[in-house]
Structures are given as structure tokens and as C-alpha cells.
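Presented below is the structure to which this report refers.
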Amino acid sequence: MVAFGKKLKERSIEEWQEYYINYKLMKKKVKQYGPQIEVGSLDRRHVLKDFSRMLDHQIEKIALFMLEQQGLLSSRLQKLREWHDALQDEPDLSEISKLREAYRSVGQDLLKLLFFIDMNAIGIRKILKKFDKRFGYRFTNYYVKTRADHPYSQLQQVFRHVGLGAVVGAISRNLHELQNNEGSYLSIYDQPVLPLQDPVVDSIKNAVDRLTHSTNFLNFMAQHALIMQDEDLLMIPADEQAEQEEGRYHFMSLLLNLANTFLYMVNTYIIVPTADDYSMSLGAAATVCGVVIGAMAVAQLFSSVYFSAWSNKSYFKPLIFSSIVLFFGNLLYALAYDFNSLALLLIGRLFCGFGSARAVNRRYISDCVPLKIRMQASAGFVSASALGMACGPALAGLLQTDFKIKNVTFNQDTLPGWVMAVAWLLYLVWLAISFREPAREPEEIHTSQESNSADQDGSMEKGLKKPLLLASEETEQDEEDDGDGSEESSDDSRKPANSFVAAYKLLTPSVKVQLLIYFMLKYAMEILLSESSVVTTYYFGWSMSSVSIFLFCLGLTVLPVNLVVGSYISNMFEDRQILLASEIMVCIGILLSFHVVIPYTVPQYVFSGFIMFVSAEVLEGVNLSLLSRVMSSRLSRGTYNGGLLSTEAGTIARVIADATITLAGFLGQSMLLNVTLLPSLIICVGSVVATCYTYNSLY
């Protein structure tokens, strides 16, 4: 992987060299601060002030040059406008053709300016990351907050590319008018979607979309999915990148990946309302439902690894394998009733876990979906998961019947298995007919470990009211220079981790805290969901339909909550503030769920459950957003990537939670609620303490 300084030098426009950020000088200055701080010749305050002034000067140079170029483009457009008006009175085809070419020439120069801004935006972000990483400060947070809304902010010129919209609009409108539209009274404002746009306009639109993506936060829902692009892709010109993406993206294949995500989540939660009843019908205790539900998570611990590795080479084959395994897993789950075999029931659930292809779904979006729609695809991934989570229990509530066909039983316990087996069989047929394996570059096939997974956000995100990178420290293995400050990049220091041990060594303290939080919230949510049927039946005498409705309502909160947080709350507070507040609310929800002295009531259970679940959902989105930005860039590629680590942490939490439910069952159902909530409370308090300690030491 080539260092940014070298790429900046290679890709910069020669006649504009002096106006680019002096990345090499800034990096050298950052390196010099270290020894000066150690010997005491500089204190922290002086370093921050000196670096701020230096960066201000660099941004001022960039912003003023941008304004100068915008002025030149505007002057040229004004002259072309006068030429255009003259032709309205005396049309001349040859002159119209020359005018069109003149507008295209301005468009090409605008593309150069857009690429200039993009490269400088990346350079500023990278030097901020480097400063934070070397000194452990949160300078990025301070720098952006103090300049985000200041009336004289020049940072806004760069990261909000002020004024360029008018230039883009003028070029687009005039080229549209000159493009065989004689006699038409419609303008571009009357036609939101133009079927035949000039190629220059298309290129400008793609460049603007790309620039917006590189200077704004990704959608909150996309961060929730932990699907991010590789930083180095942002340094590839838009046309080059579009050419690389050609042949890889296929809408139906994306839809099939989202359908796989949806069906798997339905498959996970469809058995929750009936798992206790199914266990008792096979002669086991009701609390064995924890093992039945958790068996799927146990298998997923292993399937996540081999699916992640398999997706380095193919997407189609893993999805085919997943569908077949899930079909047989659900078949075994349904047949366990007639065979009166708890072992067959558990084997069926293990098979379902071995078919978990969520790593492939994430990887496909990361690798094959064009950058301009990747945010929407990532949000679609989250939406499909949330919808599946809500539909699973709801579907179980509808399957209340009991009949036999040739000694094969169809009732509320077995029908979830039969329905999902049919669903996976139909999906398999659809997959075989419609999926298209993306084209892969030859070097991608032979060095698949270098391919991107999903989980490193290289973007300036969430606008300028938020920190550009709340926690951007990475390990020293990610340094882009060697000891003497040269631009060399060690191959070993850029390679992805090749084992869990190697990946763990790349984790910084803040990343470990984020993974602990992820473990905690998944543990608390699994306890709430998996034991809901047993607890509500024991305390309130709820039917299976009542449990299904309760779980369905919980699942329906996911999308609205993320919409509110992503659209409003995240613009009012810093991520770390939302993170801590959400952890505290999860703690409160757990505390309110305990059965102490007073009779346990439905309002207490439902109210505390909603507080715990909604807070955990908010916490998950914010936590994954932060996690995507604090992980080493080496964990954005290969099999053992950041997405796999977070998935494994969450899956282990679910396994332990389900095991806790089963073990607590030996103490009796009267003790089940409090015994399972106690570990949740301890882990939650521990994560709050770890969060406070970590951020207090960093800020």
C-alpha cells in the first residue's frame, strides 16, 4: 500500500502544486514534536497552538485558491452566458457547437478543481489522524469544534465546498439547453431526472457525490451496519473508480444479499416465542430454550470465520452453501418433534448457525456496491436485519395450528421450521437463477487477503458540528513513514491480520472498550429476548401470541429509534456523550427489570424491557459508528477484519447469555429473572466504568 504523501505527489495537478496541503512538512512537524515534548522544551498547550496555527495557514492557502479558481470559472461562465444570449437572437449551428464545447471545457476544469478539493480534504483528515495517534490527544475534536460554525471559518470552504453548487448548476443547465432542445420550454428544474445528460455533467455529478461522501459522515444507519470503504479508494479519480466498479455491481445480486440478511434474522427469532414449549414437549425443562436458541449462535462463531475467508474468493458459492445448510437445518428442527429427539432439535439449530452468511452480505456491499450508493445499501442491510427481527416473532404468532399429514406433525412448534425450510428453498432457486458473481481483478484473486472487507471509515463524517474522527488512534504498525520521516511504507505494517491473535494485538485500549460495550449490549438484549417466553408465562400467564406481539413491538422500534438518533440526536451531542448516556439507560432498564419485593407487574416488565432494548439499539449504532473509526486500517481488510471481530464479540455474548438462561433454570423459574439479570447489570456497570476511564484518560 502506497503512503498518502507519495500518492498526493503523484496525483496532484502539476500547475497547482504549491496550493496543495504541504503534507510532508506537516508530517515532519508532527514527528518533531515528540522529542521536544520529551525533553520539556515544549508543553502540550504550545504544541496544540503551534500545530493549529500551521494547519490554519494550510487551510487558508487551499480555501483562497479555491475561491480564486471559482472566480475564474464564474467569469468564464458569465462570458459564455453573454455568448449564449446573443445566439438566442441569431441561432448558428456552428456557433452553438463551439459554445457547447466551451461549456464542456469549463466542466473539465471544474472536475480538476473538485479533485483538488478531494485530495486536500483527505490530506487534512490524515494529518489530523496522525497527530491524534502519535500524541494520544483528541486534537481533531477540538480543532473542528472550534472552527465548525465560526463566521470566518475557512474550513467550511474546504469541507462544504461552498459556492461550487452554483457553478455546477450553471454548466448543467446551459449544456442541457444546448443539447438538442430547440423548441422545448422545459428547463432542468422542470425535469428532476434527465435521461440523456452530457458526459461532462455525469462526470461532474459523480465527482460531487464522491466529494460529498468523503467530507460528510456516512448515514447513521450505514455506520450501524459497520460497512465502510477503504480510505485508499478515496484517492482514486472518480472516472478511474467508476471503471473499476463496472462489472462488479448487480442490483439483483445486492437484493439477494439483503434478502439473505432478512431471512436469516427471521430464522433467528421465529423460534423465540415457542422454544420453551418445544423443549417441554420433548421432555426437557422450559429453560432449555436458552440452549436451543443459543445453539445457532454457537455455530455462528465458526461460520463467521469460514464465510469471511470464503468471501475473499467468491460470493455466489458461500450463499449457495448457506441456503442449503439452512434448508436442512430447519428441516431437522421441524422433524425433531415427530422423532421426539432433543438432540435432533439442537443439531437443526446448529446447522442454521453454520449457514450464517452475514459476513458475506457485509463483504458484498463493501466490495461490490458503488461508492455513491453504498450508504443506501448499508442502510438497507440494517433495515433488512431490523425488519427480519420484527417479522420473526410476528410470523410465529400466526402459525398457531395443529394438524398431521402422513404422521408428520404441523403445529406451533414445528411450523417455524417448515416455513423457513420452504423459504430457504425458494430463495435457493432465486439465487441460482438471478445472482451474478462479480468480476474480480487477477491480483485480487491471488492476493485475496488484501481485499477490503468492511469496516474502516475513511470519511470526514457527520458534518462539521461533530468531531471528524472522535477516536482515530491506530497502532504504530499503521504509520505511513519510517523512522526518518520518509514516505516508505513497510509491507509488513500494511498487511491485514492473518489470525485472531494478530488482530487482537492491533486493538488499542479504546477499541477493546468498544468491543466490551458491544459484548454487554448483545448479552443484555439476548437475555431479554430469549427468556421472554419463560418469564412472561411464569409471571403473567401470557400465551404464545402475547409473547409474539411483545417481541414484534420491540423489533419495530429499531428503525424509528435509529432514524431519530441519526437525524437529530447525533447532530446535537457528541457520539461519546450519546454512548455514555445509552449505557446508563441500559443500566436503568436492567435495574427496573428486577423482581425485588413488590408483585411483578406487566407494566414494570414491558416498560423496563423497552427502556433496555431501545437504549441498547441506540448504543449499538453509536458504538459501531465509533468502532469503525478507531480500528486499525489493517483490520479493514482480509479475513480477520474489524467486522468479524465485532461479530464474534456479539456472538460470544449471545452464547453466554443463552447458556446463563439454561443454567439459571436449575434454580427454578422463580429465580430465573433475577439470576440472569445480575450478570447483565455487572457487565453493564463495568462497561460504564471502562468508558468513563478510557475517555477521561484520552480527553
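Positions are given from 1, in the same order as the sequence printed here.
Residues meeting the side chain to side chain donor-acceptor pair (under 3.5 Å) test with Y269, sequence neighbours left out: none. Applying the side chain to side chain donor-acceptor pair (under 3.5 Å) rule to S253 yields the partners H250; only residues at least two apart in sequence or on another chain are considered. For the side chain to side chain donor-acceptor pair (under 3.5 Å) test, no residue two or more places apart in sequence or in another chain qualifies with S303.
Nearest approach of L619 to M520, heavy atoms of both residues: CD2-CE, 3.6 Å. The minimum heavy-atom distance between L346 and V292, with the atom names listed, is CD2-CA, 3.8 Å. The two residues A653 and F519 make their nearest non-hydrogen contact at CB-O, 3.2 Å. Annotation for L350 and A295: closest pair CD2-O, 3.3 Å, computed over non-hydrogen atoms. When all heavy atoms of L431 and S323 are compared, the pair lying nearest together is CD2-OG, 4.0 Å. Between S687 and L516, the shortest heavy-atom distance links the atoms CA-CD2, 4.0 Å.
Under a 3.5 Å cut-off, the side chain of S311 and the backbone N or O of S308 do form a donor-acceptor pair. A donor-acceptor pair is defined here as one N or O able to donate and one able to accept, closer than 3.5 Å; such a pair exists between the side chain of T651 and the backbone of T647. N330 places a side-chain N or O within 3.5 Å of a backbone atom of L326 that can act as its donor or acceptor partner. Listed for the Y306 side chain is a donor-acceptor partner under 3.5 Å among the backbone atoms of F354. Panel note: side chain T414, backbone A334; no donor-acceptor pair is recorded below 3.5 Å. Under a 3.5 Å cut-off, the side chain of T261 and the backbone N or O of N257 do form a donor-acceptor pair. Checking side-chain atoms of T557 against main-chain N and O of L554 turns up a donor-acceptor pair under 3.5 Å.
Between the side chains of S314 and E437, at least one donor N or O lies within less than 3.5 Å of an accepting N or O.
Atom CZ in R362 sits 5.5 Å away from atom OG in S646 (nearest 0.5 Å). The structure places CD1 of I293 at 6.5 Å from CD1 of I661, a figure rounded to the nearest 0.5 Å. Atom OH in Y264 sits 11.0 Å away from atom OG in S385 (nearest 0.5 Å). Note that SG of C289 and CG of D658 are 8.0 Å apart. Values are rounded to the nearest 0.5 Å. Atom OG1 of T268 sits about 5.5 Å away from atom CE of M265, to the nearest 0.5 Å. Between atom CG of residue N361 and atom CG of residue N260 there is a gap of 4.5 Å, rounded to the nearest 0.5 Å.
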Check your understanding: Taking it one step at a time, do L551 and M389 satisfy side chain to side chain contact (heavy atoms under 4.5 Å, CB included)?
Key -> CA-CA 9 Å; L551 295 176; M389 183 180 179; over 6 Å; no
Review point. Do K27 and K126 pass the side chain to side chain contact (heavy atoms under 4.5 Å, CB included) test, and can you show the C-alpha distance, the side-chain angles, and the key distance before you say yes or no?
Key: CA-CA 10 Å; K27 189 172 69 173; K126 279 185 169 286; over 6 Å; no
Check your understanding: For F351 and Y333, what are the C-alpha separation, side-chain angles and deciding distance, and is it a ring pair (Phe, Tyr, Trp, His ring centres under 6.0 Å)?
Key -> CA-CA 9 Å; F351 266 57; Y333 180 86; over 10 Å; no
Practice item. Output, in order, the C-alpha distance, side-chain angles, deciding distance and verdict of side chain to side chain donor-acceptor pair (under 3.5 Å) for N312 and R363. Key: CA-CA 9 Å; N312 289 328; R363 185 70 170 267; 2.3 Å; yes
**Study point:** Worked check of side chain to side chain donor-acceptor pair (under 3.5 Å) between T660 and Y523
**Key:** CA-CA 10 Å; T660 303; Y523 183 93; 3.2 Å; yes
Point to revise | M252/W430 under side chain to side chain contact (heavy atoms under 4.5 Å, CB included): CA gap, chis, key distance, verdict | key: CA-CA 10 Å; M252 188 58 69; W430 181 24; 3.6 Å; yes
In a table with atom names and distances, give each donor-acceptor pair under 3.5 Å that connects a side chain of residues 418-429 to protein atoms at least two apart or in another chain.
from	atom 1	to	atom 2	distance (Å)
W424	NE1	N267	OD1	2.8
Y427	OH	L256	O	2.8

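Residues in residues 290-299 take part in no side-chain hydrogen bond (donor to acceptor under 3.5 Å, both in side chains) pair, two or more places apart or across chains. Counting only residues at least two apart or on different chains, the salt bridge (Lys or Arg N to Asp or Glu O under 4.0 Å) pairs with a member in residues 518-527 are K522-E620, E526-R654.
Inter-residue side-chain proximity for R125 and K130 is flagged as unmet; no heavy-atom pair is nearer than 4.5 Å. Taking the side chain as every heavy atom from C-beta outward, V305 and E648 approach each other to under 4.5 Å. R358 places none of its side-chain heavy atoms less than 4.5 Å from the side chain of S304.
Within a 6.0 Å sphere centred on CZ of F316, other residues, nucleotides and ligands contribute more than 12 heavy atoms. Enclosure of atom NZ in K512 by more than 12 non-hydrogen atoms of other residues, nucleotides or ligands within 6.0 angstrom is indicated.
When each of F435, F307, Y364 is paired with Y315, the ring pair (Phe, Tyr, Trp, His ring centres under 6.0 Å) condition holds for Y364 and for no other. Evaluated for a side chain to side chain contact (heavy atoms under 4.5 Å, CB included) with V291, the options L345, T662, L342 yield exactly one hit, T662.
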